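Here is the structure we will look at, set down as structure tokens.
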Amino acid sequence: MKFIAIIPARYASTRFPGKPLAMLGGKTVIQRVYEQASAVLEEAYVATDDERIYQAVEAFGGRAVMTRTDHKSGTDRLEEAATKIGTDADVIINIQGDEPFIQKSQIETLKNLFEDSETQIGTLGKPFDNIKAVHNPNSPKIVCDRRGFALYFSRSVIPYVRGEEPTTWLEHFPYLKHLGIYAYHRQVLHEVTQLPQSSLEKAESLEQLRWLENGYRIRVGITNVETVGIDTPEDLQRAEEFLKTQMQG
């Protein structure tokens, strides 16, 4: 099977405008994401709606494709980019443009999910390591079946552990945190972007619930590597510190 990465990158961001072009250890954030993806996959592209990002990617020798400005989600931008590229890849991997430390092992785990022909969409989960994080609604939880297919995603703590104090729930169930990286069979990517918003998606503000509600099968790979996403300027400072520790290690 052939895999390619497409990295959606917008300039506009309410919390951190221009985030993809922010400098991190002497390189832009988007260059670091691109280099991490390119180290594992034959092809990688940045999909952007901003000329400044497009030119920055071209300047460091990367591949970029311009997309519309009115997309409601990164998945929609992904579909337009894949169509414009005219790729013959079997699977499109969506790597967020604010994940400069995405690891080779995480991308390989995603690729391996497609060895099962029933996998239509792949994503990653990481075991929670503290109960405070489990109760954080900004960290969606995943419940899977015995074969690793997602049953549901929620901002609420699922499952509810009956008869135990909420502070001890992690001792009774292996809660799984959802990491927002996806891989799609090419045809499935096209199909899911044609679907209208679903009631569950609107309720939880989680796009993947639209796919589940329409019967698509999402396979979940397990990683023990934590992602270091950048949403704010403060996150960028933490990323700088993380990068220094990596380089020293």
Side-chain angles (χ1 to χ4, degrees), residues 13-16 19 33 36 73-74 94-110 112-113 119 121-183 198-213 217-246 248-249:
S13 167
T14 51
R15 290 192 286 179
F16 194 172
K19 177 170 59 175
V33 179
Q36 293 292 96
S73 73
N94 179 0
I95 296 176
Q96 300 298 326
D98 58 3
E99 294 280 357
F101 302 109
I102 184 80
Q103 294 297 301
K104 177 180 179 180
S105 65
Q106 293 174 309
I107 298 173
E108 293 290 356
T109 297
L110 265 180
N112 292 340
L113 297 176
T119 301
I121 301 168
T123 193
L124 294 180
K126 178 186 178 294
F128 278 101
D129 53 18
N130 69 82
I131 193 62
K132 184 179 178 182
V134 174
H135 286 279
N136 181 354
N138 293 319
S139 292
K141 275 60 69 175
I142 319 171
V143 173
C144 299
D145 68 14
R146 289 185 177 276
R147 293 182 56 208
F149 286 97
L151 292 169
Y152 194 69
F153 297 79
S154 183
R155 296 185 184 279
S156 296
V157 183
I158 54 170
Y160 180 97
V161 182
R162 187 177 179 185
E164 302 291 344
E165 284 295 320
T167 54
T168 68
W169 284 1
L170 195 55
E171 299 167 25
H172 302 280
F173 187 82
Y175 288 94
L176 200 58
K177 174 183 178 180
H178 182 226
L179 305 184
I181 175 173
Y182 295 102
S198 73
S199 56
L200 290 174
E201 174 191 10
K202 289 177 182 176
E204 297 247 23
S205 191
L206 294 173
E207 184 185 19
Q208 62 270 33
L209 293 177
R210 183 193 316 183
W211 314 332
L212 282 184
E213 206 169 347
R217 306 206 71 193
I218 304 174
R219 189 74 174 269
V220 181
I222 305 300
T223 178
N224 288 306
V225 180
E226 184 63 83
T227 56
V228 184
I230 298 173
D231 289 321
T232 65
E234 292 73 30
D235 291 339
L236 184 64
Q237 291 177 344
R238 283 192 287 272
E240 283 279 6
E241 293 303 317
F242 183 79
L243 185 62
K244 285 177 187 173
T245 59
Q246 276 201 327
Q248 288 166 359

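From a predicted model like this one, the values you see are computed outputs, not experimental measurements. Values below: all heavy atoms of this structure, side chains included; hydrogens, waters and symmetry mates excluded.
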- Task: Report the C-alpha distance between Q106 and L179 in whole Å, list the side-chain angles of each, state the deciding distance to 0.1 Å, and finish with yes or no for side chain to side chain contact (heavy atoms under 4.5 Å, CB included).
- Result: CA-CA 10 Å; Q106 293 174 309; L179 305 184; 4.0 Å; yes

- Once the angle between the rings of H178 and F153 is folded into 0 to 90°, is it parallel (under 30°), tilted (30 to 60°) or perpendicular (over 60°)? perpendicular

- I218 side chain reached by Q208 side chain, heavy atoms, under 4.5 Å: yes

- Query: Does Y182 have its ring centroid less than 6.0 Å away from the ring centroid of W211?
  - Reply: yes

- Query: Ignoring hydrogens and geometry, is there a side-chain-to-backbone donor-acceptor pair from T223 to V225 under 3.5 Å?
  - Reply: yes

- Item | Derivation and outcome, side chain to side chain contact (heavy atoms under 4.5 Å, CB included), residues D145 and R217 | CA-CA 11 Å; D145 68 14; R217 306 206 71 193; 3.7 Å; yes

- Note on the structure: Here the gap from C144 atom SG to R146 atom CZ, rounded to the nearest 0.5 Å, amounts to 12.5 Å

- Between the side chains of Y152 and E204, does any donor sit under 3.5 Å from an acceptor? yes

- Begin from the C-alpha positions of E241 and K244 and carry the test salt bridge (charged side-chain N to carboxylate O under 4.0 Å, His left out) through to its verdict. CA-CA 5 Å; E241 293 303 317; K244 285 177 187 173; 3.7 Å; yes

- On a heavy-atom basis, the closest approach of G125 and L176 is C-CD1, 3.8 Å

- May I ask you to test the T168-V161 pair for a side-chain heavy-atom distance under 4.5 Å? no

- Message: Rounded to the nearest 0.5 Å, what separates atom CG in L206 from atom CZ in R155?
- Response: 4.5 Å

- Message: Assess whether a salt bridge exists between E213 and R210, defined as any Lys/Arg side-chain N lying under 4.0 Å from an Asp/Glu carboxylate O.
- Response: no

- Query: Which residue, N112, L113, L110, forms the side chain to side chain contact (heavy atoms under 4.5 Å, CB included) with R219?
  - Reply: L113

- Note on the structure: When rounded to the nearest 0.5 Å, the distance separating CD of E234 from CZ of F16 is 8.5 Å

- Working to the nearest 0.5 Å, report the span between CG of L124 and CD of Q103. 12.0 Å

- Message: Strictly distance-based, threshold 3.5 Å: is any side-chain N or O of W169 a donor or acceptor partner for the main-chain N or O of I131?
- Response: no

- Test item: Q36 and E99 side chains (from C-beta on) under 4.5 Å apart, heavy atoms: no

- Item | K19 side chain to I230 backbone, donor-acceptor under 3.5 Å | yes

- Quick one: pull up OG1 in T232 and CZ in R238 and give me the separation to the nearest 0.5 Å. 5.5 Å

- Item | Heavy-atom closest pair, residues G221 and T109 | CA-CG2, 3.9 Å

- Query: Quick check: does any side chain N or O of Y175 sit under 3.5 Å from a backbone N or O of P159, one acting as donor and the other as acceptor?
  - Reply: yes

- Message: For I121 versus T119, what's the shortest heavy-atom pair and its separation?
- Response: O-CG2, 3.6 Å

- Note on the structure: CG (L212) and CZ (F149) are apart, to the nearest 0.5 Å, by 11.5 Å

- In this structure, are over 12 heavy atoms from other groups packed under 6.0 Å from R147 atom CZ? yes

- Task: For K141 and V134, work out which heavy atoms get closest and say how close.
- Result: NZ-O, 2.8 Å

- Note on the structure: Nearest heavy-atom contact between I107 and I95 is CD1-CD1, 3.9 Å

- Locate the shortest heavy-atom distance separating I181 from N94; write the atom from each residue and the value. CG1-O, 3.4 Å

